[in-house]
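If you read the sequence from its start, that first residue is 1, and numbering goes on from there. Excluded from the calculations below are hydrogen atoms, water molecules and symmetry mates; all remaining heavy atoms, backbone and side chain alike, are included. Here the structure is a predicted model, which is why all the values come from computation and not from measurement.
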Amino acid sequence: MTEAQDEAGAFRALADPTRRQILEDLRGGEMAAGEIAAGFAMSAPSVSRHLGVLKGAGLVTERREGNRILYALAEDRLAACIGRFLSAVCPEQIVLRRTTWRRGAQNEGS
């Protein structure tokens with residue numbers, strides 16, 4: 001699979017609002033599948049399918065703990081996909097983001 005195909009899978013996964021909400025829910029840290037499903041007005045198997053798509057795209061990781069499956073956001077993967085896309089489409093934004101970040105870091109050190 002090429003890098004472009006790999007990224008296309010990530011963007012297909014991000015196209016669905018339910019999957020984007022799951023990613024937002026995971027930004028606070030690891031969650032059990034049941035905890036994730038409780039936040040949606042759909043069946044647990046439907047939420048599991050969404051989690052499977054996110055896992056297949058590499059945007060979440062899973063680990064088993066006893067009989068529970070815990071999911072976590074794959075932040076580096078998400079940042080890399082979005083970052084590469086933005087770098088290709090809006091290269092001037094890279095300079096703006098770096099400049100803003102440096103200014104923020106300098107202000108914190110003051």
Qualifying salt bridge (Lys or Arg N to Asp or Glu O under 4.0 Å) pairs, either residue in residues 31-42, two or more places apart = none
Any salt bridge (Lys or Arg N to Asp or Glu O under 4.0 Å) involving residues 54-72? Give me the pairs, sequence neighbours left out, ordered by first then second residue.
-> Glu30-Arg63, Lys55-Glu62, Arg63-Glu65, Glu65-Arg68
Non-neighbouring partners of Pro45 that pass side-chain contact (heavy atoms from CB on, under 4.5 Å), sequence neighbours left out = Ser43, Arg49
What residues form a side chain to side chain donor-acceptor pair (under 3.5 Å) with Glu75, not counting sequence neighbours?
->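 By the side chain to side chain donor-acceptor pair (under 3.5 Å) rule, Glu75 matches no residue at all.
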Output all residues satisfying side chain to side chain donor-acceptor pair (under 3.5 Å) with Glu24, sequence neighbours left out; order by chain, then residue number.
->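 None.
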Can you run down the ring pair (Phe, Tyr, Trp, His ring centres under 6.0 Å) pairs that involve residues 25-80, sequence neighbours left out, and say none if there aren't any?
-> none
If a pair satisfies ring pair (Phe, Tyr, Trp, His ring centres under 6.0 Å) and one of its residues is in residues 8-37, list it, with sequence neighbours excluded.
-> Phe11-Phe85
Compare every heavy atom of Ala10 with every heavy atom of Ala57, then report the nearest pair and how far apart it is.
->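 Shortest heavy-atom contact: CB-CA, 3.9 Å.
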What pairs with Arg20 under salt bridge (Lys or Arg N to Asp or Glu O under 4.0 Å), at least two apart in sequence or on another chain?
-> none
Flag the pair Leu14 / Arg19 as yes when at least one side-chain heavy-atom distance between them is below 4.5 Å, and no otherwise.
->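 They are not in contact (no side-chain heavy atoms under 4.5 Å apart), so the answer is no.
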Connected via hydrophobic side-chain network under 4.5 Å: Val60 and Leu70 =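 Val60 and Leu70: separate clusters.
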Report yes or no: do Val47 and Val53 belong to one cluster of Ile/Leu/Val/Met/Phe/Trp/Tyr joined by side chain heavy-atom distances under 4.5 Å?
->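 No, no single cluster joins them.
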Could you state the interatomic distance from CD1 (Ile69) to CE (Met31), rounded to the nearest 0.5 Å?
-> 14.5 Å
